[in-house]
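To start, the structure under review is shown below, and the notes come after it.
Letters A, B, ... mirror the listed sequences (proteins, then strands); counts begin at 1.
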Protein chains: 2
Amino acid sequence: MENWDEVRTAYQVARAGTVSGAAEVLGVHHATVIRHIDSIEARLGVKLFQRHARGYTPTEAGADLLMVAQATDDQFSQLVGRLKGQGDDVTGELVVTSLASLAPFMAPVLMRFQQMHPGLIVRYLTGDRLFRLEYGEAHVAVRAGAVPNQPDNVVQPFVQQRTGLYAHKDYVKRHGLPKGPEDFGKHHFVGHDNPNARAPFLKWLSDTVPPEAIRFRAIDPGTMEQAILAGAGIGFVPECLVQQHPDLVQVMDPLPDWTARSWLVTHVDLHRTNKVQSFLKYLKESSQDWVL
Amino acid sequence: MENWDEVRTAYQVARAGTVSGAAEVLGVHHATVIRHIDSIEARLGVKLFQRHARGYTPTEAGADLLMVAQATDDQFSQLVGRLKGQGDDVTGELVVTSLASLAPFMAPVLMRFQQMHPGLIVRYLTGDRLFRLEYGEAHVAVRAGAVPNQPDNVVQPFVQQRTGLYAHKDYVKRHGLPKGPEDFGKHHFVGHDNPNARAPFLKWLSDTVPPEAIRFRAIDPGTMEQAILAGAGIGFVPECLVQQHPDLVQVMDPLPDWTARSWLVTHVDLHRTNKVQSFLKYLKESSQDWVL
DNA sequence: CCGGTTATGTGCATTATTCCACAGTACCTG
DNA sequence: CAGGTACTGTGGAATAATGCACATAACCGG
């Protein structure tokens, strides 16, 4: 059964009993209706209607089609109702992705947002892999670094995570603090294993500090933090974590460039939906209280 | 939801995941598919797919539509199966109409035909009203009189019911038999109340016999027969009934014109269906044995 | 019996739809 | 990194669908 429109036409004819009545309901010319009926009957090889001067009377085949098409019409109507309302209510899945380092902040927000919307299922994806909005893998993404400029992505600025250069007091006790860049070669640094890392402060590190001074290298930010706390050397620690570790000593005043900016990114197709808008609004409100 | 074809297109896109794949399945150009999707999304005001270079990924709305359209596609497929097979098997209703006088012959045939086809429901309509084939009121009609020449009706000759002019022997005892037409005025006749009755022998009666001689008039053929058997006068009795009533005496040799011809009539749309053809075949076979 | 109304059905002009060809982009593979 | 592949997207030509006008037939009411 190809050409569902002809089924719909036949359905209306069976309902109305006349070609003219069906044409009026369908908003087309009655000649069109006649041709649709002729076409579908020819294709099926079955007479759906008996034609007479007072209208079209459904045969048994036509009555059968009427039943099926009636059900179809109902289901389509319900579907339209759901689809139209779908943009308005916050339900189904909400898929959010971010860097793993933001999980301590994001998770409580997501939990409360889920509690505010009982019908909602929250999927919070973190990982090395970049979850792609254009493939429908996520509704909202938190991206760090330069301004994302993918086509079809709606970008707005999110939190800024200040980062400073710190060392554990045990390290300072042993090595002292560098007076200036000229002392960097005589110190131990904790850095990223990948010299091409994208974070601005890591670029600063590889540009400013001699490679041989970076004695401890790791991939995971959490690991680097542990190394610094263990006194392995001087390294970058987010300001928010510094407050939890009073044993950390600031090595030098932070450069503005070190501040990691992050961005809220949504796909243009989903950005205007109420579900995404509600979450973005709540997320931005909540992030006001974050201490970064 | 108008335009069911676009639903079908969207359904195939959701299934295939690509516009090109859907276009191939649908047998249309991929540009057509793109425009259908754009059209239905614009109409609904909801994005059904997220577009990317590798294809179209359904949104939640698109996934919802996929479910509904999947069900619709299944139902339509089943419908087509039923409709195509419908012309071939003998099932559903078989509506037959005839003069009430043929009921003693038709009823046994219909009963046996119903027994031969367990799925069949027989509706045998008799009555004064003319059941109209073109309105779908009956599949097969037995019509008497002149050849029906309605358009869209398929006509074939059926049984001929010979009729003779008889009187009860008690009447003959009292009044004797007319020697010829000149005696008709002195006799009592049983005729139809309507002088314009269509049956040829009734026309002969009103043309040949003076009106005042038709002393007993009725509308129902069965009533007329009862009157003749009661000795009310001379009248027409079908030959088949004469054999059951030995007390009837033939008044004059039957004229060829008196033979009532009957016709099997079907609507052209239904005539070629197996159900109607099977019944016509069985009816014509059975009628060979009828004694009329 | 006879207009008036309501239907279906058909040729022709118009409109909308579809197809075609080509451009552009992302992704994969050697 | 370059070539190949598979996909989307778009402007203009070809085609199919639609609308229109008119003919025709049946029925209804007076």
Does any part of the side chain of A/L66, heavy atoms only, come nearer than 4.5 Å to the side chain of A/R15, both counted from C-beta?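 Counting from C-beta outward, A/R15 and A/L66 do come under 4.5 Å.
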Validation row: B/H271, B/Q277 side chains within 4.5 angstrom (heavy atoms):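 The answer is yes, as the side chains (C-beta and beyond) meet within the 4.5 Å cut-off.
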Look at the side chain of A/D193 and the backbone N and O of A/A218, then say whether any donor-acceptor pair between them is shorter than 3.5 Å. no
Residue pairs fulfilling side-chain hydrogen bond (donor to acceptor under 3.5 Å, both in side chains) with at least one residue in residues 18-28 of chain B, sequence neighbours excluded: none
How many Å lie between [atom1] on [X] and [atom2] on [N], as a whole number?
X     : N      : atom1 : atom2 : value
A/H36 : D/dA16 : NE2   : C1'   : 11 Å
B/E6  : D/dA17 : CD    : C1'   : 15 Å
B/E2  : D/dT18 : CD    : P     : 13 Å

Taking only the side-chain heavy atoms of B/H30 (C-beta and beyond), determine which of D/dG19, D/dC27, D/dT10 contains the nearest atom. D/dT10
Counting any heavy atom closer than 4.0 Å, what does B/T18 reach on the DNA or RNA strands: base, sugar-phosphate only, or nothing? sugar-phosphate
With a 4.0 Å cut-off on heavy atoms, is B/R35 in touch with a base, just the backbone sugar-phosphate, or nothing at all? base
Identify the 5'-most and 3'-most nucleotides of DNA chain C with at least one atom closer than 4.0 Å to a non-hydrogen atom of chain A. C/dA7 to C/dC27
Bracket notation of DNA chain D in which parentheses pair within the strand, [ ] cross earlier pairs, and | pairs with another strand (Watson-Crick or G-U, under 3.5 Å): ||||||||||||||||||||||||||||||
Can B/V265 and B/F158 be said to form a side chain to side chain contact (heavy atoms under 4.5 Å, CB included), step by step? CA-CA 9 Å; B/V265 189; B/F158 193 44; over 6 Å; no
With rounding to the nearest 0.5 Å, note down the distance linking NE2 in A/H267 to OG1 in B/T57. 9.0 Å
If I take atom CG from residue A/L133 and atom OH from residue A/Y135, how far apart are they, to the nearest 0.5 angstrom? 12.5 Å
Of all heavy-atom pairs between A/V46 and B/L83, which one has the smallest distance, and what is that distance?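 That would be CG2-O, 3.3 Å.
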Compare side-chain N and O positions of A/T32 against OP1 and OP2 of D/dG19 and report whether any pair is under 4.0 Å apart. yes
With a 4.0 Å cutoff (strictly under), does any side-chain N or O of A/Y135 reach OP1 or OP2 of D/dC7? no
